Amino acid sequence: MIKDRIVELIEAALRGAAEAGDLPLSDAPHVELETPRNKAFGDYSTNIAMVLAGQVKMSPREVAAKLIERLPADGGLIEKAEVAGAGFINFFLKPDWLGDVLRRIESEGEKYGHAPLHTGESVLVEFVSANPNGPITVGSARGGAIGDVLSNLLEAVGYDVCREYYVNDAVNSLQMQHFGKSLEARYLQALGQDAPFPEDGYKGEYVTQIAKQIVERDGDKYLSLSKTERVRVFTDLGEREMLAVQNADLKAFGVVFDNWYSERSLHESSKVRNAIDTLKARGYAYEDKGALWLKSTAFGDDKDRALIRRNGQPTYIASDTAYHADKFDRGFQRLINVWGPQHHGYIARTKAAVAALGYDPDKLDVIIYQTVRLFSGGELVMMSKRAGELIPLGELVEEVGKDASRFFLLMRTADSSLDFDLELATQQSSENPVFYVQYAHARICSIIRSAADEGLAVPSAEATDLSALGHESEIALVKKMAEYPEEIRIAAESHQPHRLTAYARDLAALFHAFYRDCRVLGEEPAVTNARLVLVEASRTVLRNVLTMLGVNAPERM
RNA sequence: GCGCUUGUAGCUCAGUGGAUAGAGCGAAAGGUUGCGGACCUUUAGGUCGGGGGUUCGAAUCCCUUCAAGCGCGCCA
């Protein structure tokens, strides 16, 4: 890669200067190379002289000048290197480097952007994990998009990734019991009985729908059961139905999990008991007021947390602790949890629990995403006409499609709240970012189709003279494509999948600018051929980034 | 009260400790007959919430303060 080659040149210059006594350096400093915003500052730039100035007691410009003197022969890569500003060294590349980029994109194809930086490392990404007592909401869907695309990114940099959904199906969960009671009441009502609806019940229309389905399928056969039995049965039936709906909605959203991990199984396999025994043995669990407590304050938490209630039932923290232990025990080296905005207070206690069990809490990263609000035509959409509550993911995908749903939910950093404009998401115009990006891809395909109609195939980059490329718009486009692998690396390592949507928009904009300025077909053969190579490379990179986002790259629109 | 997140152009937001803080929309003026319409030029618009500090250099890191959202159960 070009950037790596320049870094090597600078490192060689540093060694040379140190050996010759020009610069009194003890060990090799880390060289940062960046792409300056302003093209007057060259193609690449380094601040190394300013970093070293204090250490070697010279002015930054002086250090820069000495380093430039020591730059080794570069094999025709660098046009010139010059000192600028406070002591930057700016590198201007010979136009030939454009060809290097295009040849690399061609040879790597759909793997362009991938890099084996973390091969052999495994990571478990847990996300969505909504309670199985209702459909996935748009809020949780944001976690779905973040978790899924982050997983794609981690795979691209070499990780072995497991996408996991934690199913909160514990039998003693109050949420699930409320759900079961609500369903049971709707069932009785559907059979014409005057059953009271529980006070803390789930009023959503979907509960009534499920009850009706059960009546249609099983009739009144549950009437003979005792009330307690019936609630138990309906909790199970409802849970099964909700998991199926969640699974289907997520699938339509392009999210498929490798594993659905049952909380109940943690209790049944006595992993919860084992975790508690370990905590006791390690001295981080104690009894007080008839309950058992996790001494999480020993690891920086605000207060200690209950593990087992006075009535003998374990709390969710108990199962969650066992769950995280099990993740490590399954051999994952890193854990990532993608959690909704209400859960930020749980980071400290979860890490504390992990540490108390003897695992490294730094191996666990938690991404908290903020709330999603839906707007339509500038108006806040609070209610769904159909369900009488928060809009389910299934409805969103139905309304704006998988592509727009995913792209829009990834347009902001997870840290800030997100306003989703439903009207914009369905708009067929350049103001709609998804449309704008997909349109660029369709346009590329159209050019290649037109070329084929004229009997022109896209020539291979390797066999084509690319020296005809050199227009400002061509250079800007190639530069952006050259940045893609690093963009992937940064997005993956900083856990910021939203960066990809910005990159996709930038790339599309640069392609549209190229299209405006440079005609592909009907030019001199040398020009047309070189530009066809460039267009094909643009298609590859655009398709790669859209694939990473889980968004379709259409050939026609 | 404590904790987390946010605060950047009229609006919505980008911005890996670097050079003159950017984009889209909106506003003003003009341009635009070719591969697929979703384009171009110019102008206006900023104390990066305020105040300290670290650094050669801060929107970015630290402290403090103000404002907004959220969270502080033997619920999950």
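Chain naming here is simple, since letters A, B, ... match the order of the sequence lines and numbering starts at 1 in each. Treat the numbers as computed from the prediction; the structure is a model and nothing was measured.
- For Q342(A), taking side-chain heavy atoms from C-beta onward, the closest of the listed nucleotides A76(B), G71(B), G36(B) is G71(B).
- For G17(B) and U6(B), the P atoms lie 15 Å apart once the distance is rounded to whole Å.
- Among the nucleotides A19(B), U5(B), A76(B), the one closest to any side-chain atom of Y346(A) is A76(B).
- Figure legend. G45(B) is base-paired to no nucleotide; pairs are counted as Watson-Crick or G-U wobble with both atom distances under 3.5 Å.
- Distance noted for atom C1' between U42(B) and G37(B): 24 Å (whole Å).
- Residue A442(A) is classed as a base contact, given a heavy-atom separation below 4.0 Å to a base.
- Picking from C74(B), G18(B), G71(B) the nucleotide with the shortest atom distance to the side chain of V51(A) gives G18(B).
- Looking at which nucleotide of RNA chain B each of A414(A) and P314(A) is closest to, the 5′-most match is held by A414(A).
- By the 5.5 Å and 30° criteria, F88(A) is not stacked with the base of G18(B).
- Looking at heavy-atom distances under 4.0 Å, L174(A) makes contact with sugar-phosphate atoms alone, never a base.
- U54(B) makes up no base pair with any nucleotide shown, lacking Watson-Crick or G-U wobble contacts both under 3.5 Å.
- N168(A) comes within 4.0 angstrom of sugar-phosphate atoms only, judged by non-hydrogen atoms across all strands, and of no base.
- Across G22(B) and C61(B), the matching C1' atoms stand 22 Å from one another, rounded to whole Å.
- In the set C74(B), A14(B), C35(B), C74(B) carries the atom at the smallest distance from any side-chain atom of A291(A).
- N90(A) comes within contact range of at least one nucleobase, with a heavy-atom separation under 4.0 Å.
- The side chain of Q370(A) sits closest to U5(B) out of G36(B), U5(B), A19(B).
- Distances were taken from every side-chain heavy atom of H344(A) (C-beta onward) to each of C72(B), G71(B), G36(B); the shortest belongs to G71(B).
- Taken to the nearest 0.5 Å, the OH atom of Y503(A) stands 11.5 Å off from the CD1 atom of I490(A).
- Of the candidates A76(B), G37(B), C35(B), the closest approach to any side-chain atom of Y316(A) belongs to A76(B).
- Closest contact between the side chain of R309(A) and the listed nucleotides C75(B), A19(B), C39(B) involves C75(B).
- Under the Watson-Crick or G-U wobble criterion, with both distances below 3.5 Å, G17(B) has no partner in any strand shown.
- For R61(A), the CZ atom counts as densely surrounded, since its 6.0 Å shell holds more than 12 non-hydrogen atoms of other residues, nucleotides or ligands.
- Put simply, the side chain of Q175(A) and the base of C75(B) share a donor and an acceptor less than 3.5 Å apart.
- Nucleic acid contact for P341(A): sugar-phosphate only, since backbone atoms but no base atoms lie under 4.0 Å from a heavy atom of the residue.
- Under a cut-off of 6.0 angstrom, the local environment of CD in E493(A) is crowded, with over 12 non-hydrogen atoms contributed by other residues, nucleotides or ligands.
- Both tests pass for R443(A) against the ring of Y515(A): distance under 6.0 Å to the centre and angle within 45° of the axis.
- Taking the six-membered ring where tryptophan is involved, the planes of Y202(A) and F179(A) are perpendicular, since the angle between them exceeds 60° and thus also 30°.
- Looking only at distances, a side-chain donor or acceptor of H441(A) sits under 3.5 Å from a matching main-chain atom of P554(A).
- The aromatic ring of F41(A) sits over the base of A19(B), with ring centres less than 5.5 Å apart and planes inclined by under 30°.
- If A170(A) and G345(A) are placed on RNA chain B by their nearest nucleotide, the residue sitting closer to the 5' end is G345(A).
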Can you list, pair by pair, the side-chain donor-acceptor contacts under 3.5 Å of residues 335-348 of chain A, counting residues two or more places apart and other chains?
{"from": "N337(A)", "atom 1": "OD1", "to": "K327(A)", "atom 2": "NZ", "distance (Å)": "2.9"}
{"from": "N337(A)", "atom 1": "ND2", "to": "H324(A)", "atom 2": "NE2", "distance (Å)": "2.9"}

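- The separation of G46(B) from U55(B), taken at their P atoms, amounts to 33 Å, rounded to a whole angstrom.
- Among the heavy atoms of the strands lying under 4.0 Å from K289(A) is at least one base atom, whether or not backbone atoms are also near.
- Taking every side-chain heavy atom of I447(A) into account, C35(B) is the closest of A19(B), C35(B), U6(B).
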>> Between Y166(A) and Y323(A), is the ring pair (Phe, Tyr, Trp, His ring centres under 6.0 Å) condition met? List the steps.
In response: CA-CA 9 Å; Y166(A) 183 50; Y323(A) 176 44; 3.9 Å; yes
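- Distance noted for atom C1' between U32(B) and U41(B): 11 Å (whole Å).
- Distance noted for atom P between G49(B) and A44(B): 24 Å (whole Å).
- Here CZ of R556(A) is found 3.5 Å from CZ of R449(A). Values are rounded to the nearest 0.5 Å.
- Using a 4.0 Å heavy-atom criterion, one finds that E32(A) contacts no nucleic acid atom at all.
- By the 30° and 60° cut-offs, the orientation of the rings of W260(A) relative to F257(A) is perpendicular.
- Across all strands, E555(A) comes closer than 4.0 Å to base atoms (heavy-atom distances).
- Using a distance-only test at 3.5 Å, with no hydrogens or angles considered, a donor-acceptor pair links the side chain of R531(A) to the main chain of R519(A).
- Put simply, the side chain of S45(A) and the base of A19(B) share a donor and an acceptor less than 3.5 Å apart.
- A heavy-atom distance below 4.0 Å to RNA chain B is reached by these residues of residues 505-520 of chain A, ordered by number: H512(A), Y515(A), R516(A), C518(A), R519(A), V520(A).
- Distances were taken from every side-chain heavy atom of S416(A) (C-beta onward) to each of C75(B), U6(B), A76(B); the shortest belongs to U6(B).
- Remark: K80(A) is positioned above the aromatic ring of F92(A), its terminal NZ or CZ atom under 6.0 angstrom from the ring centre and at most 45 degrees off the axis.
- Across C40(B) and C62(B), the matching C1' atoms stand 46 Å from one another, rounded to whole Å.
- No contact: A53(A) has no heavy atom under 4.0 Å from any strand.
- Pair assignment for G3(B): C70(B), on the basis of Watson-Crick or G-U wobble contacts that are both within less than 3.5 Å.
- The residue T413(A) sits close only to the backbone: its heavy atoms come under 4.0 Å of sugar-phosphate atoms, none of a base.
- A donor-acceptor contact under 3.5 Å is not formed by the side chain of D302(A) with the base of G3(B).
- Among the protein residues, R305(A) comes within range of no part of the nucleic acid, since none of its heavy atoms lies under 4.0 Å from any strand.
- Nucleic acid contact class of H343(A) (heavy atoms, under 4.0 Å, all strands): base.
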Check the interface with nucleotides 25-30 of chain B: list each N/O to N/O pair with the protein under 3.5 Å, or write none.
none

